[in-house]
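Please read the structure below before turning to the comments.
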2 protein chains.
Amino acid sequence: MATTDVQMLQDGLRRGRRKLTRPRQAVLDTIAEADTCLSPAEVYRRAKARYPRLGLTTVYRTLELLADLGYLQRVHGDGGCHSYAAVQRHHSHHLLCSCCGRTEEFACGSLDPLVEALQATTGFHIEGHILEMIGVCPSCRERKGQG
Amino acid sequence: MATTDVQMLQDGLRRGRRKLTRPRQAVLDTIAEADTCLSPAEVYRRAKARYPRLGLTTVYRTLELLADLGYLQRVHGDGGCHSYAAVQRHHSHHLLCSCCGRTEEFACGSLDPLVEALQATTGFHIEGHILEMIGVCPSCRERKGQG
DNA sequence: ATTATTGCAAAACGTTTGCAGGTTC
DNA sequence: GAACCTGCAAACGTTTTGCAATAAT
């Protein structure tokens, strides 16, 4: 994690009178360095390498906190919705590879017309959405093509 | 459930050498009549009124089966992704009311340009997506406005 | 010093599985 | 009557909770 990121995290935490602790750093660093989305158990396994005293309970609590603060986002996949990935921008979405689990972040433009239309036809006031794309990443495509 | 729906269900099941049983009818009817998405536990509670011998295990198995056949769809919400709603068309999406839980089905047009753009920039081959809209339904808006 | 955070152990929870008996085709 | 489906009870993995000890401000 770059220095500015530590700074941003620290600021974000301070705003809510929260503390920057080693377990929290370990969890965030772990997810930031992964290029896939990770389940709580997997975060625990990896983050424990950085900070061996880490407890699973703390991982759960930290994932929730960091997601609330916007540093992480829950990723919904076909199998479930209990994995997390890092986000650079607030409210972004993920493209996930159904083959290797790799994730790629993307911004959602082009959804506005749909939102407008739905609001008009249904009378709902739309406040948010969940959007994930599922596909096969370039390297898996290549591997499949050759294998 | 209308007669044609029973017919369709029966056909769908037969195609996979599956049987039309009372528990399965009870589960499907329950979800078809609800205007919200339902958790497995809630389906169990309601469907048991129709068929008291029903077991929770069967509800889980039936939800999976009917979702595979395309009669139900898992709905992803902020809280989780373990609720199911009926679908008229295959691959549709839901608008869900964060206030009362009501769901409304909608088709996803307008996503194609985004898919195209993502495929071009990332090299992923996109095969599917998860999309849910979250908002407040007309009657909840009214209630809030008055209360 | 004050307050938030941690890790542990245990509890609670939702979901899945093996299997004998029952139901549908 | 063959194949499939069911419900039960038990097993399972995941998530949450209470609490005394610890670490950050």
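Below, chains carry the letters A, B, ... as their sequence lines are ordered, and counting in each starts from 1.
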| said: Does E127(A) have more than 12 heavy atoms from other residues, nucleotides or ligands lying within 6.0 Å of its CD? | reply: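 Above 12, so yes.
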| query | So with a 6.0 Å cut-off around CD of E105(B), is the heavy-atom count from everything else above 12? | reply | yes
Nearest-Å distance for atom pair [atom1]/[atom2], residues [X] and [N]:
| X | N | atom1 | atom2 | answer |
| --- | --- | --- | --- | --- |
| R14(A) | dT25(D) | CZ | C1' | 9 Å |
| L56(B) | dA9(D) | CG | C1' | 13 Å |
| D68(B) | dC5(D) | CG | P | 13 Å |

| message | Assigning hydrophobic clusters by single linkage (Ile, Leu, Val, Met, Phe, Trp, Tyr; side-chain heavy-atom cutoff under 4.5 Å), is L95(A) placed with V87(A)? | response |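 Different clusters.
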| said: Are Y71(A) and L20(A) connected into the same hydrophobic cluster when the rule is that any two of I, L, V, M, F, W, Y join if their side-chain heavy atoms are below 4.5 Å apart? | reply: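 Same cluster.
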| request: Using side chain to side chain donor-acceptor pair (under 3.5 Å) as the criterion, point out the one residue from E42(A), R46(A), K48(A) that pairs with Y44(A). | output: K48(A)
| request: On the 0 to 90° scale, with breaks at 30° and 60°, tag the H93(B)-H129(B) ring pair as parallel, tilted or perpendicular. | output: parallel
| Nearest non-hydrogen partners of L72(B) and Y84(B), listed with the distance | CB-CD2, 4.4 Å
| Nearest to side-chain heavy atoms of R61(B), which nucleotide of dA23(D), dA3(D), dC8(D) | dC8(D)
| query | From dT6(D), dA24(D), dA3(D), pick the nucleotide closest to the side chain of K19(B)? | reply |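 That would be dA3(D).
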| Which one of C37(B), S83(B), S92(B) satisfies the side chain to side chain contact (heavy atoms under 4.5 Å, CB included) criterion with Q73(B)? | S92(B)
| If you find the nucleotide of DNA chain C closest to R18(A) and the one closest to Q10(B), which residue's nucleotide is nearer the 5' end? | R18(A)
| Members other than I134(B) in its cluster, when Ile, Leu, Val, Met, Phe, Trp, Tyr link by side-chain heavy atoms under 4.5 Å? | V75(A), L96(A), I130(A), I134(A), V75(B), L96(B), I130(B)
| request: Using heavy atoms and a sub-4.0 Å distance, could you list which residues of residues 39-55 of chain A are near DNA chain C? By number, please. | output: Y51(A), R53(A), L54(A), G55(A)
| message | Under 4.0 Å, counting only non-hydrogen atoms across every strand here, what does T21(A) touch: a base, just sugar-phosphate, or nothing? | response |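 If one applies the 4.0 Å heavy-atom cut-off, T21(A) turns out to touch the sugar-phosphate alone, with no base involved.
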| Outermost nucleotides of DNA chain C that come under 4.0 Å of a non-hydrogen atom of chain A | dT3(C) to dA9(C)
| Looking only at side-chain N and O atoms, does T58(B) come under 4.0 Å of OP1 or OP2 in dG7(D)? | yes
| Phosphate-side-chain proximity, R24(B) and dT6(D), N/O vs OP1/OP2 below 4.0 Å |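 Yes, within the criterion.
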